[in-house]
Structure formats: structure tokens, C-alpha cells
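Heads up: the structure comes next, in C-alpha cells.
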Amino acid sequence: MSAGPWRQLPAVHEVLATPPMQAAASQTPRPLLVEAVRSILADLRTRLRLGPVPAAELSPEHIASVATRWLAQHAACRVRSVINATGILLHTNLGRAPMAESAACAAANAARCYVNLEMDLVTGQRSSRQHLVREWLCRLTGAAAATVVNNNAAATVLVLRALAANREVVVSRGQLVEIGGSFRLPEIMAVSGALLREVGTTNITRLSDYAAAINERTAALLRVHHSNYQIVGHHEEPGTAELAGLARQRHLLLIDDIGSGALFDLEPWGLHGEPVASRSLAAGADVVLFSGDKLLGGPQAGIILGRGDLIQRIEGDPLMRAVRLDKMVLAALEATLRLCLDPPRARQEVPLLRMISLPAEELRQRAEKLTRGLQDLPGLSLQVRADHSYVGGGTTPNQPLPSWVAVVQSSTISAADLARRLRLGQPAVVARIQDDSVLFDLRAVFPEQDDALLQAIRAALQP
Ligand SMILES: *Cc1c(COP(=O)(O)O)cnc(C)c1O
């Protein structure tokens, strides 16, 4: 075959010199730009082999515009911001808690600069990175000592390993939980080297069950917050204070994995029965564990509170080095803890706490405004109705927060298809599907995103 028709094709560098490719170059690694252009040119070569192609399609500008679409599909940033219209505030698949502005700034600042991560600026001596958050954690919870690691799963493994490896840890059968994905308590315990000693039954475990299981190999009693499930009906398990009494009497440790980890009582905001870190310590737990990115509303982290000698043993474990926090997360965590020192301020500035306390009436008005913005589009059935948001992320599941949702149904686009278009839009939107409608709950949508959400829905509804 003659090379004739291919001569009509521009060279790669000619396409790269066009304005759209120059614009893309500022945000795209050059090898991806080149790959995009080569892939379009390869397609054109194939087509030219089969027959003539309109000259307009062979111009560098046209090839550039096709390459731009290729780039959008194949070379866009993989981490994208998402508008969370699901009404689930701590959506683990969407990165759990969005951080406070001061926390995000602290992380960005630490990222760009050198920081006193492990240096005491007073003495110039080496210090522990844990000092950056320890004092605030102790102040907020009344703990004697504290340390932080990568997440609560890491905290659990580390604590069990440091305090109970090769010894037995007594756990109620009602608390052998799976917290989504790969956190299954029996497996986590196996990894730690502690030996699981199950007691009681799924629904009933008495203090006497714990007492009967204690022997010379026992190191600790472990209590695990149910987090994402609830036993309804005939149910009994000893509280922290009772377990602490037994542990003390038998010279054992009580480890309390409180999971979601509120720093203060969220009862006034309608969240009932969430464990509060300071209360667990006051009730006598020797070590308390929880996540940084659940009800604390901060970055992913595992927080460990407890007696000084125990925290020292935990920090001395070789695994500590494998699960330590980096400077950005420590900076963000510190900023979040500082906000929490002033609860009314935390309620304004920590997005999660602000979202929990949003009045339903405000959400109704925003949902109505959203549907008004769609009224001119043909073939839509629109409705605003009462519904519920959830905190999610391993907090008590049966605690709906009263909310309102905008319900959108299209006569031409299925709910699944509309939801897909929304996810792939710019910005990406994740909503809820129910009865072939798409539901938008605005509790986890920042008010300043309302307009972008409306435009994203309008764009997704284009035929
Ligand atoms: C969420 C949760 C965990 C896991 O915490 P991560 O920070 O996600 O690792 C462990 N235990 C309980 C009780 C939880 O609720």
C-alpha cells in the first residue's frame, strides 16, 4: 500500500502546538498529551487505509479537539471532588469527613514547608511527633496520655499487639463486628497476635460470662462499639463501668474501641447513644480507641487514649513505626482538635458538626430552590418530600436525621442512567436512587455548591 494518503496527516508536534493542546498542557503530563495525539492519528491512519476521510477531520485543530476528549476520558485526575447528595454525611466511599478550612490549610501548609515534626523548637532537640497533638487530646478527653496512628484499624492491631500478644483477650460474641470492607474483629485480632476468647451469645453477654472466661493467660477485656448495627429486642451487655470494675478486680486491662469517637455529647443534636471518649475514660477504660475521620470530623487517623505507662508500651512497639502519621495529617488533626476545644466554634467550622446540626427546614428550602431551577426542563417529574439523612461511617445506624429530598424523575432517562451521568459529570455528583427516581439530599452538600449541583443536574438531563 502507498504511504500517499497518510501524508495528509499532520505531525504530532503540529497538533501539540494548537491552542487546545497548549491549554491542556498546563494540567496534563506531556507523555499523556503525546499518547492522546498518537492514538487519534492511529485511528485516522486506519480509516485512511479503508478509504477517503474528509479533509476537515485531518486538520491539526480538529485532531486536537478529538484528542481533548480522549484526554478527558483517559488522562483526567483520578482523585476528583464529588458533590455528596446522598444525605450520608460520613460516606466511607466518598472519603468520610470533609475537613474544616483551618485543618485543610494546615495540611496544605505542612505539605509545602518544613515543619517541627520531630524537633522541639525550644531546645533544638529531637522530639516525638506525637507531642503535636498529645496535649490537645488530653485536654479534650481528660486522658493521662495519648498517641495517634494511621486509622482505628491500625490502632486496634497495635494496641492488642503491644498489650496482649500471645495472651487472651475476652470479647462478647455480640461485639465481633465487621465494620465495612476488611475490618472484621476476629481477623484483626488474629493479625495482632492476641488470642480471641469469645464469651456470651449474640444478644446476651453478662458480666459473669466475662468473669468465667478469665484465666492466667488473660491479658485484657475488649469492648467494641456496635457502630454499624444494632440488636433490637432481648439484648444485654455490661457497660464500660461494670467491665472496668471486673478488669480492675482481676488485674486486667479494659480496652474500649468506641469507633466513631465523639469528643463531646451529640445528644442535643439528635444523635443518641454515641460513645464519648471522655466518658469511657471516666468509666474506667484503660485504653480508648477511635477514628479521627468519623464524628471528630477530621482526617483519617486512629486515636489512642490511656494511662501513661500503657501509651509508652504502645509507642515502644516496633509496629508503631509502620502506622505512624505523616506531617500533613498531623497538622490537620491538630487544627481539628484546636477547633474542638471551643465546641460552639467547632459546630460552625467543622463541616460534619455543622451538617449534623442543620435544621430540616433549611434543607427543605434548598431542595425547593433546586427543583425550581429544573422546572423549565421538559419531561421531568419533580417533587420535594420529607426523608432522612444519616451520619453513616460506622455510627449508630438507626438514627435518621430528619431531612428533605428533591426527587427527580425523567420520562426519557432512567434513574440509573441519570445517576451515572451525574457521577461522570463535572463536578461529579453522587445521589440516591429510589423507585426509578434520583433523590438529592442537601445536608452533605455545601450551600456554596447548590448552584454547581443545579447546573450539573441540568447538564446530566441534556438529551
Ligand atoms: C470504624 C470503626 C473501626 C475502624 O476504624 P477505621 O478508622 O476505619 O480504621 C474500628 N472499630 C469500630 C468500632 C469502628 O466503628
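Both ligands and their constituent atoms are indexed starting at 1 by order of listing. Heavy atoms only: backbone and side chains are in, while hydrogens, waters and symmetry mates are out.
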Pick one of side chain, backbone, both or neither for how [X] approaches ligand 1, counting any non-hydrogen atom pair under 4.0 Å.
X      : value
Arg96  : side chain
Gln300 : neither
Asn152 : both

For the pair [X] and [Y], find out whether any cationic side-chain nitrogen is under 4.0 Å from an anionic carboxylate oxygen.
X      : Y      : answer
Asp309 : Arg313 : no
Asp209 : Arg173 : no
Arg366 : Asp450 : yes
Arg206 : Glu236 : yes
Glu315 : Arg134 : yes
Asp317 : Arg161 : yes

Under 3.5 Å: N/O of [X] near N/O of ligand 1:
X      : answer
Lys294 : yes
Ala153 : yes
Ser291 : yes

Which of the atoms in ligand 1, numbered in the order shown and given with their element, are less than 4.0 Å from a heavy-atom of [X]?
X      : result
His225 : 13 (C)
Gly259 : 12 (C), 13 (C), 14 (C), 15 (O)
Asp257 : 10 (C), 11 (N), 12 (C), 13 (C)

So for His226, does at least one of its heavy atoms come nearer than 4.0 angstrom to any atom of ligand 1? no
Could you check whether the rings of Trp269 and Phe264 sit parallel, tilted or perpendicular, using 30° and 60° as the cut-offs? perpendicular
